Amino acid sequence: MLVQSQKNMAADDNSEDYFVREIEKNDGSVLRMYQCSKGDVGCVVWDAAIVLSKYLETEQFSSVQSGVSAWSSKNIIELGAGTGLVGLVAATLGANVTVTDLEDLQPLLELNIKKNQHLIHTGSITAKVLKWFVLHFILQDIFKGGGNVDDFLPHPHYILMADCIYYEQSVEPLVETLKLLAGPETCIICCYEQRTVGVNPEIEKRFFELLLKEFQSEEIPSEKQDPEFNSPDIHILHLRRRLH
């Protein structure tokens with residue numbers, strides 16, 4: 001598993017409801033990520049989110065010395081954002097980010113945006129509700145004619161997702177949502193922890209069976225990931241639409 005050098009501590013306000021995990025970036029700045037003491041899987045920072053966040057900071061994308069970032073001015077949507085860590089890191093690197101999750105996670109996303117806003121200088125970040133199953137049918141209607149596509153177009157440069165493959169009933173809606181949100185130039189960066197117990201292997205298998213009908217996949221080798229924050233169990237994929 002990952003080296004746990006990040007700090008966990010009680011939050012300084014509403015400490016019974018939240019606890020804080022500090023995530024240090026490569027430039028020395030520290031994000032304070034509030035996590036819920038009680039709640040569903042989206043209420044805490046998972047290892048895959050840290051691995052993906054640190055991958056965004058690797059030298060192929062961002063240089064602390066020169067200050068040049070490949071994320072600058074890029075439009076990004078994060079799916080299943082949870083605490084918002086991945087999107088926040090992208091925003092601190094200059095991206096314009098929309099972090100999305102279910103309605104009950106919006107207060108946590110808004111709290112983490114508020115607590116870390118001072119670290120965002122050239123980028124931006126907003127939180128929005130996005131239900132994959134509902135979006136699938138809304139966008140089907142929009143693209144058949146009528147409706148307002150402003151919230152979804154133009155297609156983002158990147159879609160980020162960390163550990164979104166865990167509920168069997170969400171697999172098809174997630175794939176359909178990716179098909180609708182991703183344009184021909186969109187790169188989806190998917191980071192997930194491979195789990196071998198229970199129904200997890202079957203859920204992953206089904207997800208990739210559906211996904212790879214429409215997208216081509218490239219796995220990122222460990223040498224291109226952060227040298228400290230990586231794990232053999234956590235995979236990073238770049239996904240792009242197949243050229244038909």
Side-chain angles (χ1 to χ4, degrees), residues 1-15 18-36 42-101 105-128 156-163 189 191 220 222 224-231 234 236:
M1 294 303 292
L2 297 176
V3 177
Q4 296 295 333
S5 64
Q6 317 303 338
K7 298 177 182 177
N8 289 289
M9 61 192 72
D12 51 14
D13 57 339
N14 300 321
S15 58
Y18 300 105
F19 61 104
V20 171
R21 187 167 190 174
E22 291 189 344
I23 308 292
E24 184 175 351
K25 293 180 64 234
N26 291 350
D27 63 4
S29 62
V30 176
L31 290 104
R32 289 176 54 81
M33 300 304 302
Y34 283 64
Q35 305 172 97
C36 295
C43 294
V44 295
V45 175
W46 292 91
D47 285 348
I50 296 177
V51 169
L52 180 51
S53 297
K54 300 303 287 186
Y55 173 65
L56 301 183
E57 287 195 278
T58 54
E59 288 188 359
Q60 60 197 304
F61 299 119
S62 185
S63 170
V64 174
Q65 287 74 23
S66 68
V68 174
S69 170
W71 305 111
S72 181
S73 300
K74 295 294 190 293
N75 295 323
I76 291 176
I77 295 175
E78 184 185 0
L79 299 182
T83 63
L85 172 62
V86 177
L88 277 163
V89 169
T92 66
L93 297 171
N96 299 313
V97 183
T98 302
V99 286
T100 68
D101 213 310
L105 283 164
Q106 296 302 302
L108 181 61
L109 282 170
E110 294 286 1
L111 176 63
N112 279 320
I113 289 171
K114 176 185 174 183
K115 294 293 186 180
N116 295 285
Q117 189 70 52
H118 63 285
L119 299 176
I120 301 171
H121 304 299
T122 60
S124 66
I125 187 166
T126 56
K128 288 186 178 180
H157 296 104
Y158 291 91
I159 297 171
L160 305 178
M161 43 189 287
D163 252 356
I189 305 182
C191 183
I220 305 305
S222 59
K224 288 191 175 182
Q225 301 178 34
D226 183 274
E228 180 179 0
F229 294 96
N230 68 81
S231 167
I234 297 178
I236 300 177

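The model shown is predicted, which means the values in this text are computed figures rather than measured ones. Worth knowing before you read on, the calculation uses all heavy atoms, side chains too, and leaves out hydrogens, waters and symmetry mates.
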message: Tell me if a side-chain donor or acceptor on Gln35 pairs with a main-chain N or O of Val45 at a distance below 3.5 Å.
response: yes
message: For Lys54 and Asn26, which I'm curious about, is there any donor-acceptor pair between the side chains at under 3.5 Å?
response: yes
query: Under 3.5 Å, is there a donor-acceptor pair between the Asp226 and Thr58 side chains?
result: no
- prompt: Any side-chain heavy-atom pair from Val89 and Glu57 closer than 4.5 angstrom?
  reply: yes
Glu78 backbone acceptor or donor facing Thr100 side chain under 3.5 Å: yes
query: Is the shortest heavy-atom distance from the side chain of Leu52 to the side chain of Ile234 under 4.5 Å?
result: no
query: Mind checking whether Phe19 and Val44 have side chains closer than 4.5 Å, heavy atoms only?
result: yes
- prompt: Just wondering, are more than 12 heavy atoms of other shown residues or ligands nearer than 6.0 Å to CD in Glu59?
  reply: no
Aromatic centroids of Tyr55 and Phe61 separated by under 6.0 Å: yes
- prompt: Taking C-beta and beyond as the side chain, do Cys191 and Ile236 meet within less than 4.5 Å on heavy atoms?
  reply: yes
message: Rounded at 0.5 Å granularity, tell me how far CG in Asn116 sits from CG in Leu31.
response: 4.5 Å
- line: Looking only at heavy atoms, the pair that brings Val86 and Ala49 closest together is CG2-O, 3.5 Å
message: As an exercise, state the distance from CG of Leu85 to CG of Leu109, rounded to the nearest 0.5 Å.
response: 11.0 Å
message: Exactly one of Val30, Thr92, Leu119 should register a side-chain contact (heavy atoms from CB on, under 4.5 Å) with Lys25. Which one does?
response: Thr92
Option passing side-chain contact (heavy atoms from CB on, under 4.5 Å) with Leu160 (candidates Val97, Val99, Leu56): Leu56
